[in-house]
2 protein chains.
Amino acid sequence: MRQSADMIPMEGKPGEAAGPQYLALRDQIAFNIEIGKLPAGSRLPSERQFQTSAGFARGTIRQALAQLEAEGLIYRRDRSGWYVSPPAITYDPTRWAGFMAYVTEQGRTPATITLAKSSINANAALADIFRVAPGSPLHVIERMRTIDGRPVLVERITVDPALAPGLLDHDLDGSLTQILKHKYGVVVARNRVDMRPCALAKEAAETLGTKPGAPSLTVVRTSFDEKGRVVEYDQEYWRHDAIRIHVDLSVRGEPDA
Amino acid sequence: MRQSADMIPMEGKPGEAAGPQYLALRDQIAFNIEIGKLPAGSRLPSERQFQTSAGFARGTIRQALAQLEAEGLIYRRDRSGWYVSPPAITYDPTRWAGFMAYVTEQGRTPATITLAKSSINANAALADIFRVAPGSPLHVIERMRTIDGRPVLVERITVDPALAPGLLDHDLDGSLTQILKHKYGVVVARNRVDMRPCALAKEAAETLGTKPGAPSLTVVRTSFDEKGRVVEYDQEYWRHDAIRIHVDLSVRGEPDA
DNA sequence: GAGTGGTCTAGACCACCTT
DNA sequence: AGGTGGTCTAGACCACTCA
């Protein structure tokens, strides 16, 4: 039996200030998410069902959905449908725990899939980061990580083989930092993290099962050992609705806000 | 004299892998930004000029522009046009400097405009944060901040009047933390920062001169004094292309990435 | 007042996921 | 095979900005 538009009947919402129609539809969907009529992970009616039930053109529907996506309330699975976003994971760059630990702590189920491992020759940018000559060999690992089965990030890790020869022969689905520490005696002493909102490039979008341009958060992490050598250079692309940054600090330096 | 589409002639770009037309147009525009033909702050040709020169329907043009906006390469000024984004400001939540200091340090010109100041009664959420009874009076300040004349953030600051009576009578265009420290002897000892990508709500969008749904970064900062009382609760909404987070840390705790 | 982006319509075909 | 979202067209009118 086909599912009709009103199998997930949307509640109306008390009148709002007039505005564009797509925002009214956005409000209505957001309202239904808030009150739990559309629980996390559930699927929204199809765009064409909205067309019928809401009476707008499909473009208008898609504007409302794109707005909700930008807000992090819903996400899309390419050519499958729109789904309500699960809660985000909180990430604290000053705490020293990895993905697996974070996610487990927060009552969710993490998983890692290694997509590719290869050896490349350093281009100018990488040569500069690792302080090696351009063309030097570097290990590159590409992984995808999921929370409760939903892909939330793709990452590309670069490691200097001088510090970890034969690294690619290990099982890389766990903690890389652990492998570096226990198998190679390489210990991370300093960490640099850069974050910025961005949009998914085509490739990353494909492996995350979404569309190029989907909003995203780029996290670039550079790890140094006690001698200041770069141990690990990790570029992560997160679904923007899956992560939340939290930092807790005591004062040092001069207040001047 | 009217400006014709080819007053900013767009360079063609070496052939790319086939894909949607809007991505091809995106690549072309991004290329022209990279090579400096479209410098930071400059205005792009109008959508209708693109329609003529690129030969696509306007919807397709707008898709390319929205993609570039999501990537942070361009931004819009409502009903005025599309502009190339200036470089982002780097923000380090572990460093103890305010907006004015950051921006100046990075060779840019900051400014603050106080939009509104008022007294409200705490709702449930705020009462919980400040540990006061619901309905207790609270100071609320709304400000907009600009870099080189471009609005980049709106913020809403809440302060407990018990700690700073008469705060609203001061000039609030400078550093609030300074005022609290020097006029009221209130010193911030601990700081909590939460960040997450989001989309601008209607009001914030209007004051930033953009459209609801424009990508954005929410930064919520809670400041405590040495006794653990909440001194300042600051909700900031940043244009997502204006900010970049940078954290530099030494290891503490257990590595487990 | 001319031009801009913002919103909206009503179609169409396609690639891909799902069953 | 049927349904989904992804892409694209060719119009239209509006609110607003800017000179």
Side-chain angles (χ1 to χ4, degrees), chain A residues 1-5 7-8 17-27 42-52 54-70 74-83 151 199-200 202 205-214, chain B residues 1-5 7-8 17-27 42-52 54-70 74-83 151 199-200 202 205-214:
Chain A
M1 171 184 133
R2 287 265 40 295
Q3 182 177 324
S4 85
M7 278 205 58
I8 304 184
Q21 298 177 340
Y22 79 91
L23 283 183
L25 177 55
R26 182 227 90 97
D27 289 342
S42 67
R43 188 174 154 173
L44 270 61
S46 79
E47 296 176 3
R48 285 167 175 92
Q49 282 171 338
F50 275 124
Q51 235 176 128
T52 308
F56 302 140
R58 193 166 152 228
T60 306
I61 310 283
R62 283 175 66 79
Q63 245 180 304
L65 295 169
Q67 164 82 21
L68 288 161
E69 181 191 37
I74 66 174
Y75 69 100
R76 48 180 122 192
R77 295 221 299 255
D78 196 41
R79 266 165 263 258
S80 158
W82 295 87
Y83 299 80
L200 287 178
K202 193 182 159 199
E206 274 165 16
T207 78
L208 289 181
T210 188
K211 200 189 80 121
Chain B
M1 172 184 129
R2 286 261 45 297
Q3 182 176 324
S4 87
M7 278 205 56
I8 304 184
Q21 297 177 338
Y22 79 91
L23 283 182
L25 178 54
R26 181 228 89 97
D27 289 342
S42 67
R43 189 176 152 173
L44 270 62
S46 80
E47 296 177 2
R48 286 167 175 91
Q49 283 171 340
F50 274 124
Q51 233 176 129
T52 308
F56 302 141
R58 194 167 149 226
T60 306
I61 310 285
R62 283 175 66 79
Q63 244 180 307
L65 295 170
Q67 164 83 20
L68 288 161
E69 180 191 38
I74 66 175
Y75 69 100
R76 50 180 122 194
R77 294 220 302 254
D78 196 41
R79 267 165 261 261
S80 158
W82 296 87
Y83 298 80
L200 287 179
K202 194 183 158 200
E206 274 165 17
T207 79
L208 289 181
T210 189
K211 202 188 79 123

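Naming: A, B, ... by sequence-line order, numbering from 1 per chain. Just so we're clear, the structure is a prediction, and the values are computed from it rather than from any experiment. Note: hydrogens, waters and symmetry copies are ignored here, and every other heavy atom, side chains too, is used.
Remark: C1' of dT17(D) and CH2 of Trp82(B) are 16 Å apart, rounded to the nearest angstrom. Rounding to whole angstrom units, CZ of residue Phe50(A) and C1' of dG3(D) are separated by 16 Å. Rounded to an integer number of Å, the gap from CD of Gln49(A) to P of dG3(D) is 11 Å. Between the CZ atom of Arg26(A) and the C1' atom of dC8(C) there is a distance of 19 Å, given to the nearest Å. If you take CD1 of Ile74(A) and C1' of dG5(D), they are 12 Å apart, rounded to a whole angstrom. Residue Gln51(B) contributes atom CD, which lies 14 Å from atom P of dG6(C) at whole-angstrom precision.
The side chain of Gln21(A) places an N or O atom within less than 4.0 Å of a non-bridging phosphate oxygen (OP1 or OP2) of dT9(C). Listed pair Tyr22(B) / dT7(D) meets the phosphate criterion, a side-chain N or O lying under 4.0 Å from OP1 or OP2.
Using modelled atom types, one finds a donor on one side chain and an acceptor on the other under 3.5 Å when comparing Trp82(A) with Glu47(A).
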Do Thr60(A) and Leu25(A) pass the side-chain contact (heavy atoms from CB on, under 4.5 Å) test, and can you show the C-alpha distance, the side-chain angles, and the key distance before you say yes or no?
CA-CA 9 Å; Thr60(A) 306; Leu25(A) 177 55; 5.8 Å; no
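Sorted by residue number, the members of residues 54-67 of chain A with any non-hydrogen atom under 4.0 Å from DNA chain C read Phe56(A), Ala57(A), Arg58(A), Thr60(A), Gln63(A).
Partners of Tyr75(B) according to the ring pair (Phe, Tyr, Trp, His ring centres under 6.0 Å) rule, which considers only residues two or more places apart in sequence or in another chain, are Tyr83(B).
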With 3.5 Å as the limit, what N/O pairs link the protein to nucleotides 14-19 of chain C?
residue: dA15(C); atom: N3; partner: Arg79(A); partner atom: NH1; Å: 3.4

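Remark: side-chain polar atoms of Arg43(A) are paired, donor with acceptor, to backbone N or O of Ser80(A) under 3.5 angstrom.
Smallest separation of non-hydrogen atoms from Tyr22(A) and Ala64(A): O-CB, 3.4 Å. Shown here for Gly213(B) and Ala70(A), the closest heavy-atom pair between the two residues is O-CB, 4.0 Å.
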